[in-house]
*Asks:* 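Quick one: the structure is below, questions incoming.
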Amino acid sequence: MHVTPFGACGTVTGSCHLATSGDTGVILDCGLYQGEHERRNAAAFGFDAAAAAAAVVTHAHLDHIGRLPQLVSDGFSGPVLATPATLQLMEPMLDDALKVMTEDRRRAKKGGRPMGPPSWQADDLDRLRDLFIPLDYYSRHAIGSLTVELKNAGHLPGSAFVQLEGDDKRLIYSGDLGNRRKEVLPDLDYAAPADLVLTESTYGDRNHKPLQETLDEFATLVDDVLRSGGKVIIPSFALERTQELLFYIRALEREGRIPAEPVFLDSPLAIEVTRLYASLREEFGLKVRRLFDRGVDPFRPKHLTITKHVEDSKRINYRPGPATIIAGSGMIAGGRIMHHLIHHLGDERSCIIIVGFQPRGGIGRQLVDGRSTIRIWGRDHNVDARVATIGGFSGHAGRDQLLDWLSGQPRVALVHGEDTARGSIADELTKRDQEPILGVAGSPIDV
Ligand code: ZN
């Protein structure tokens, strides 16, 4: 058996790999490049999509599923295997990807710099849906001479890592590994000893702050801003980070650590995902399941307002008094968060809280770097509001958790990490007599 990485080599987006045994090829994730690497989405996959027997999907984040419709457009017609929860969450995520792709092209055309034709269309997405096959955790499925099994990765509801067996060999592919002890999701499973582990290395060079410290920091800040009458503005990713924030805001309100002021959930995609969460209750940790059992919605702060329509979103900005606004996009690359920033960057009582990764050159990174003016849509805005970064809500395993998960594995191929992160973990693995391999796009690795 071989596995060839075709994406996410030295980056954290664009995950796509191909495992082969004889003439059976299994695609492991097929994700979009995001941020600074976006242009790579227009390039060919580097393998024959039509010849692959199946695709296995680890979780519903776009950087792991966003190019699946393109795979279909390129002739792929095999089953797409994932847990039932992942398949459910993929629906709104891919619908939104189509919407964003269409909107980008419309805007580019209007601005006189038309983009090339999209690499996939709505009917490719329809055909992709027909290929979905649910595969429960711990049940086995044969693909040609290979057997696939999914185990819990603790990163999203339904997230999995993949165990692939054939030729008397075992390959483990991590997908994204969750951050342990985060309450909302169950802790990830450990992997069986394998001939090769192909793993993410996002935080290979650093650990996260402990959760309790993160919550203390968040509570102090939010309490302070709301009591002074300001707005708390949080750019947030629609799947996982948003629901995590809603969960902790509710918990902190109940503990009396922050006042129960209005909370606006202002992202149609995040609203849809939050709605789906109620039907995925089996996927969560014990604490969340218990709350659901008691008829309590764990993701609903006391005064939550859902703003589906643009007009309602705009109205939030003319509303006096303290409030928390959670809006997309998480990377501040467009979406409703832009209006909220324009209205509140100049308000010294308000605070922008950054809770997720911000790419180089983006507005989020400029805010984090402490710039005094920010240019949005051709106009400069003074930054009088406070800007705070709270990193501990990460949905990824930190360095020590990664090393713990990998312990005892003799050979580890590293993908899905910037080169500093995977270089750092590679050095540590060498010290532990585990063989690190840096994944290179298009280069097969023996299992
Ligand atoms: Zn992910």
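Read the numbers this way: they start at 1 and go in the same order the structure lists the ligands and their atoms. The structure displayed is predicted, hence computed values, not measured ones. Hydrogens, waters and symmetry mates play no part in the numbers below; they use all other heavy atoms, side chains included.
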*Asks:* Is Arg129 salt-bridged to Asp95, going by a charged N under 4.0 Å from an acidic O?
*Replies:*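 Yes, Arg129 and Asp95 are salt-bridged.
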*Asks:* May I ask you to check whether His396 brings an N, O or S atom to under 2.8 Å from the Zn ion (ligand 1)?
*Replies:*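 Given the 2.8 Å cut-off, His396 does not count as a ligand of the Zn ion (ligand 1).
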*Asks:* If you consider just the N/O/S atoms, which atom of His61 is the closest one to the Zn ion (ligand 1)?
*Replies:*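 Looking at His61, the N, O or S atom with the least distance to the Zn ion (ligand 1) is ND1.
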*Asks:* Which atom, among the N/O/S set of His59, is closest to the Zn ion (ligand 1)?
*Replies:*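 Looking only at N, O and S atoms of His59, the one nearest the Zn ion (ligand 1) is named NE2.
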*Asks:* Can you confirm if the aromatic rings of His64 and His155 lie within a centre distance of less than 6.0 Å?
*Replies:*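 No; His64 has its ring centre 6.0 Å or more from that of His155.
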*Asks:* Working to 10°, measure the angle at the Zn ion (ligand 1) formed by atom NE2 of His155 and atom OD2 of Asp176.
*Replies:*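 Taking the Zn ion (ligand 1) as the apex, I get 100° for this pair.
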*Asks:* Think Arg67 forms a cation-pi with Phe76, using NZ or CZ under 6.0 Å from the six-ring centre and within 45 degrees of its axis?
*Replies:*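 Geometry flag: not set, cation outside 6.0 Å or 45°.
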*Asks:* Does atom CZ of Arg254 have more than 12 heavy-atom neighbours from other groups under 6.0 Å away?
*Replies:*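 Count not over threshold, so no.
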